[in-house]
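One is the number of the first residue; the rest follow in order along the sequence.
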Amino acid sequence: MENKTKYIFVTGGVASGLGKGIVAASLGRLLKSRGYRVSNQKFDPYINVDPSFMSPIQHGEVFVTDDGAECDLDVGHYERFTDENLTKNANITAGKIYLSVLEKERRGDYNGKTVQVVPHITNHIKDLIVQVAKDGTRDIVITEIGGTVGDMESRPFLEAFRQMVFDVGRENVLYVHVTLLPYLEKGGEIKTKPTQHSVKELLSMGIQPDMIVCRTSRPLTDEVKDKIALFCNVAKDCVIENMDADSIYQVPLLLEEQNFAQVALRRLGLADHPANLDEWRALVKRQNAAADKITISLVGKYTVLHDAYFSTIEALKAAGFATGAHIDINWVPAESLEKGDTAPLQGSHGILIGGGFGVRGLEGKIAAAKFARKNKIPCLAIGMGAQAMAIDFARNVIGLAGANSTEFDESTPHPIAHNIYNKMRLGSCPCKIAEGTLAAGIYKAAHTDERHRHRYEFNAAYRTEFKDHGLIFSGESPDGRLLEMLELKSDIHPWFLGTIFSPQFKSRPNVPHPIFAGFIAACNQRPSP
C-alpha cells in the first residue's frame with residue numbers, strides 16, 4: 001500500500017451520543033482549512049445492509065449522496081462541515097461487509113478456504129478504508145466507527161483499525177478516542193474513571209489512543225488533564241476539551257482553541273499550515289447575531305424524533321443565518337391536523353411539509369397544504385409533502401374527487417402521482433427549469449442537479465389540467481418525462497413550491513440551498529402573525 005495518505009480513526013467510549021460525528025466532521029473542517037485534502041467516512045456496526053429500510057424514528061434521517069448511496073445522518077455532518085460531496089464509500093455497514101464477503105464465498109473467490117472474521121472480514125474493511133484514497137486525491141482519511149468501544153458488533157472494525165498500522169505504517173495512523181467526563185453535582189468534581197475504563201477497553205483490543213477528546217459540561221483543569229494523560233498514557237496536550245456548545249457549528253472553533261488539528265498534524269508528521277477559518281467564524285458570528293425570529297411550522301410524520309428531519313432543520317437554519325434570522329421550528333405532527341383543527345399552524349411565518357413514506361399522516365399533510373394555500377402563507381413541500389400539495393390542489397381546486405397518489409391508494413380514479421420505474425429513484429438527477437417561474441427566480445439558472453429519494457413521480461397526464469387552474473410544473477427532467485417541481489402562479493400565491501427531490505441534502509451552513517434561502521426570505525417578508 002502507498003504510505004502517502006494519512007489515516008485518522010475516531011472511536012467512542014463511555015456512552016453513545018457524545019458527538020463523535022461532529023468531532024470527526026470538525027476535524028475535517030480544521031484540516032481542510034489548512035489546505036489538506038480530506039475525506040470523511042463512517043462504519044456502522046449494525047447488520048442492516050444500509051439504513052434504507054430503517055425507521056427514521058429509530059435511527060434518524062437517511063442521508064443521500066450524489067451517487068445515490070443511502071447513508072447515516074453523520075454523512076450529512078461531514079458534507080456540511082467540510083463542504084465536500086461524498087460517495088457511497090462514506091458509509092459502510094457491517095451488513096454490507098458481510099454480504100459482500102459471503103457473495104465472494106459463493107462465487108468461489110476464496111478457493112475453498114474457510115471464511116473467517118480474520119482475515120476475510122477485516123481485510124474487506126481495510127480495503128474499504130484505503131479505497132477512499134486510491135485515486136490520490138486525499139491527503140487524510142478520517143474514519144469514524146459508530147457505537148462505543150466494548151460493543152460486540154464493533155470488534156471486527158477495531159481489529160481492522162489495529163491492523164492498519166502494519167499495512168500503512170504507524171507514522172501514518174492516528175487514533176482519536178472520544179469519551180465522556182461526567183460532572184457530579186453533589187461532589188462538585190469531574191470524574192475521569194469512566195474515561196480510564198474506556199481506554200482500558202480499547203487497549204484490550206490492541207489500540208493505544210493517541211488523542212482523547214473529552215466531552216464535558218465544565219472546563220477541564222490542568223489537574224484533570226494531567227490525570228487523564230497519566231492513566232491513559234497520552235501526552236497532556238493530546239487531551240482535548242470538547243465543551244458543550246449552543247450550536248454544533250461552534251464546535252470546530254472551540255476545538256481549534258484546543259489546538260486539536262495542530263496536535264493531530266504533529267502526531268502524523270505533517271506541517272501545520274495557518275488555518276483559514278474566516279468564513280466559518282463569520283458564519284458563527286451571523287448565527288449569534290441573528291435577531292429576527294421566523295416561526296416555521298414543520299409538518300411531518302416523524303416529529304417524535306427531530307433527527308428524522310436533521311438535514312431539513314439545518315437547511316432552514318442555514319437560510320436563517322444568511323438573512324440574519326433565528327429559525328424557530330414549530331413541530332406539528334401531521335396526524336394532529338387530520339380532524340380539521342388547524343390551530344397548530346396558526347402564528348406561522350411559513351409552513352414546511354416534510355417527506356416520508358406510507359399513508360400515515362397523509363391527510364394531515366394535505367390539510368396543511370390547503371391551509372397554506374388558502375391563507376397565502378409561504379409553503380415549501382418536499383417529497384411526500386409535495387405529493388400532498390398536488391393532491392390538495394387536485395381535490396379542492398380542480399374538483400377531482402378521490403384524487404390521490406397510487407402510493408397511498410392504488411385504486412384512485414385520479415392518480416396524480418404514480419410509480420413509473422417500480423424502484424426508488426436515488427441520487428443526483430438533472431432538472432430543467434421553466435422560464436419566468438418562481439423556481440427560475442430562485443435558482444437564477446435554467447438547469448440544476450438535485451438529489452432524490454422517492455419512488456413515486458407526478459403524473460404528466462395531469463400537467464395541462466393543473467396548469468389551466470393555476471398550478472404549474474416548473475421543473476422537469478431534460479426529456480420532460482419526470483416532473484420535479486410544482487408551484488402556484490404568482491398572482492394566486494406569493495410563495496408556494498413543492499419538490500419531489502430533497503434539496504436539504506445539498507444545503508451548506510455557509511451556502512444555503514437556493515430553495516431554502518428563497519423560502520426563508522419570503523417568510524421574512526411576511527408580517528408577523
Margin query: Once you measure the plane-to-plane angle for Tyr7 and Phe9, does it fall in the parallel (<30°), tilted (30-60°) or perpendicular (>60°) bin?
Written below: parallel
Checklist line | Qualifying residue, where the test is side chain to side chain contact (heavy atoms under 4.5 Å, CB included) with Ile142 and the options are Thr82, Val176, Val38 | finding: Val38
Note to self: Parallel, tilted or perpendicular, judged at 30° and 60°: which one describes the rings of Tyr309 and Trp331?
What the structure shows: tilted
Checklist line | Nearest-0.5 Å distance, CG of residue Asn510 to CH2 of residue Trp280 | finding: 6.0 Å
Margin query: So does Phe161 get a backbone contact from the side chain of Tyr175, meaning a donor-acceptor N/O pair under 3.5 Å?
Written below: yes
Next item on the list: Kindly give the heavy-atom pair with the smallest separation between Val132 and Ser39, and that separation in Å.
Entry: CG1-OG, 3.5 Å
Next item on the list: Kindly compute the distance separating CG (Leu27) from CD1 (Ile8), expressed to the nearest 0.5 Å.
Entry: 4.5 Å
Checklist line | Within-4.5 Å side-chain heavy-atom neighbours: Pro45 and Asp151 | finding: no
Notebook entry, point to check: Do any pairs count as a salt bridge (charged side-chain N to carboxylate O under 4.0 Å, His left out) and have a residue in residues 21-32, sequence neighbours left out, and if so which ones?
Noted result: Arg29-Glu279, Lys32-Glu84
Next item on the list: Check the surroundings of atom NZ in Lys104: do more than 12 heavy atoms from other residues, nucleotides or ligands lie under 6.0 Å from it?
Entry: yes
Next item on the list: Enter the distance from Thr448:OG1 to Met485:CE here, rounded to the nearest 0.5 Å.
Entry: 7.5 Å
Check: For the atom pair CD1 (Ile92) and NZ (Lys42), what is the distance rounded to the nearest 0.5 Å?
Finding: 12.5 Å
Check: Hey, is Asp139 close enough to Lys6 for a salt bridge, meaning N to O under 4.0 Å?
Finding: no
Check: Does a side-chain heavy-atom distance below 4.5 Å link Leu31 with Leu265?
Finding: yes
Next item on the list: Output yes when Lys96 and Asp50 qualify as a salt bridge under the 4.0 Å nitrogen-oxygen rule, no when they do not.
Entry: no
Notebook entry, point to check: Can you name the closest pair of heavy atoms from Leu128 and Gln41 and give their distance?
Noted result: O-NE2, 3.0 Å
Next item on the list: Pick out which of Glu79, Glu70, Glu484 makes a salt bridge (Lys or Arg N to Asp or Glu O under 4.0 Å) with Arg451.
Entry: Glu79
Notebook entry, point to check: With distance as the sole criterion, is a donor-acceptor pair present between the side chains of Tyr110 and Gln116 under 3.5 Å?
Noted result: no
Note to self: With a 3.5 Å distance limit and no angle check, can you tell me whether His447 reaches the backbone of Ala445 through a side-chain donor-acceptor pair?
What the structure shows: no
Next item on the list: Report the C-alpha distance between Gln258 and Val263 in whole Å, list the side-chain angles of each, state the deciding distance to 0.1 Å, and finish with yes or no for side-chain contact (heavy atoms from CB on, under 4.5 Å).
Entry: CA-CA 9 Å; Gln258 294 288 310; Val263 175; over 6 Å; no
Notebook entry, point to check: Under 4.0 Å between a Lys/Arg side-chain N and an Asp/Glu carboxylate O for Lys236 and Asp222?
Noted result: yes
Notebook entry, point to check: Any ion pair linking Asp83 and Arg508 (charged N to carboxylate O, less than 4.0 Å)?
Noted result: yes
Checklist line | Whether His77 and Phe310 hold their rings parallel, tilted or perpendicular, with breakpoints at 30° and 60° | finding: perpendicular
Check: Does Tyr46 offer a backbone N or O that forms a donor-acceptor pair with the side chain of Asp44 under 3.5 Å?
Finding: no
Item checked: Minimal non-hydrogen separation, Leu220 against Glu241, with atom names -> N-OE1, 2.7 Å
Margin query: Treating Thr93 as the side-chain partner and Asn48 as the backbone partner, does any N or O pair qualify as donor plus acceptor under 3.5 Å?
Written below: yes
Checklist line | Shortest non-hydrogen contact between Ser247 and Gln287, atoms and distance | finding: OG-NE2, 2.8 Å
Next item on the list: Determine the interplanar angle of the Phe519 and Trp495 rings, folded into 0 to 90°, and report it as parallel if under 30°, tilted if 30 to 60°, perpendicular if over 60°.
Entry: tilted
Margin query: Between Asn233 and Leu203, does the side-chain contact (heavy atoms from CB on, under 4.5 Å) criterion hold? Intermediate values first, please.
Written below: CA-CA 10 Å; Asn233 198 31; Leu203 284 168; over 6 Å; no
Checklist line | Any donor-acceptor N/O pair, Ser507 side chain to Pro512 backbone, under 3.5 Å | finding: no
Next item on the list: Would you confirm whether Lys20, through its side chain, and Gly147, through its main-chain N or O, come within 3.5 Å as a donor-acceptor pair?
Entry: yes
Checklist line | Nearest non-hydrogen partners of Gly427 and Val64, listed with the distance | finding: N-CG1, 3.8 Å
Item checked: Separation of Asp237 CG from Arg267 CZ (nearest 0.5 Å) -> 8.5 Å
Item checked: Verdict with reasoning, Gln163 to Val118, per side-chain contact (heavy atoms from CB on, under 4.5 Å) -> CA-CA 11 Å; Gln163 293 178 17; Val118 181; 4.0 Å; yes
Check: Can you find a pair of side-chain heavy atoms, one from Asp244 and one from Arg215, that are under 4.5 Å apart?
Finding: yes
Check: Would you say the side chain of Phe516 lies within less than 4.5 Å of the side chain of Leu352, judging by non-hydrogen atoms?
Finding: yes
Check: Shortest non-hydrogen contact from Pro51 to Val62?
Finding: O-CG2, 3.4 Å
Check: Side chains of Ile296 and Cys523: does their closest heavy-atom pair fall under 4.5 Å?
Finding: yes
Item checked: Non-hydrogen side-chain atoms of Thr87 and Thr65 separated by less than 4.5 Å -> no
Next item on the list: Hey, can you tell me if Phe63 and Phe505 have their rings parallel, tilted or perpendicular (30° and 60° cut-offs)?
Entry: perpendicular
Margin query: Could you check whether any side-chain heavy atom of Pro56 comes within less than 4.5 Å of a side-chain heavy atom of Leu305, counting everything from C-beta outward?
Written below: no
Next item on the list: Using distance alone, with no hydrogens and no angle criterion, decide if Glu61 and Ser311 have a side-chain donor and acceptor under 3.5 Å apart.
Entry: yes
Item checked: Partner residues of Phe260 under the ring-ring contact (aromatic ring centres under 6.0 Å, His included) criterion, sequence neighbours left out -> none
Notebook entry, point to check: What distance do His177 atom NE2 and Cys238 atom SG have between them, rounded to the nearest 0.5 Å?
Noted result: 14.5 Å
Note to self: side-chain contact (heavy atoms from CB on, under 4.5 Å) for Ile140 and Leu174? Distances and angles first, verdict last.
What the structure shows: CA-CA 10 Å; Ile140 302 170; Leu174 179 76; over 6 Å; no
Next item on the list: Evaluate the side-chain proximity of Ser55 to Tyr302: yes if any heavy-atom separation is below 4.5 Å, no if none is.
Entry: no
Margin query: Let's go through Arg218 and Glu185 carefully: what are the C-alpha distance in whole Å and the side-chain angles of both, what is the deciding distance for salt bridge (charged side-chain N to carboxylate O under 4.0 Å, His left out) to 0.1 Å, and is it a yes or a no?
Written below: CA-CA 11 Å; Arg218 300 287 197 281; Glu185 294 286 347; 3.4 Å; yes
Item checked: Short side-chain to backbone donor-acceptor contact, Ser198 and Thr195, under 3.5 Å -> no
Next item on the list: Answer yes or no: does atom NZ of Lys134 have more than 12 heavy-atom neighbours from other residues, nucleotides or ligands under 6.0 Å?
Entry: yes
Next item on the list: For Gln208, look at atom CD and say whether over 12 heavy atoms of other residues, nucleotides or ligands are found less than 6.0 Å away.
Entry: yes
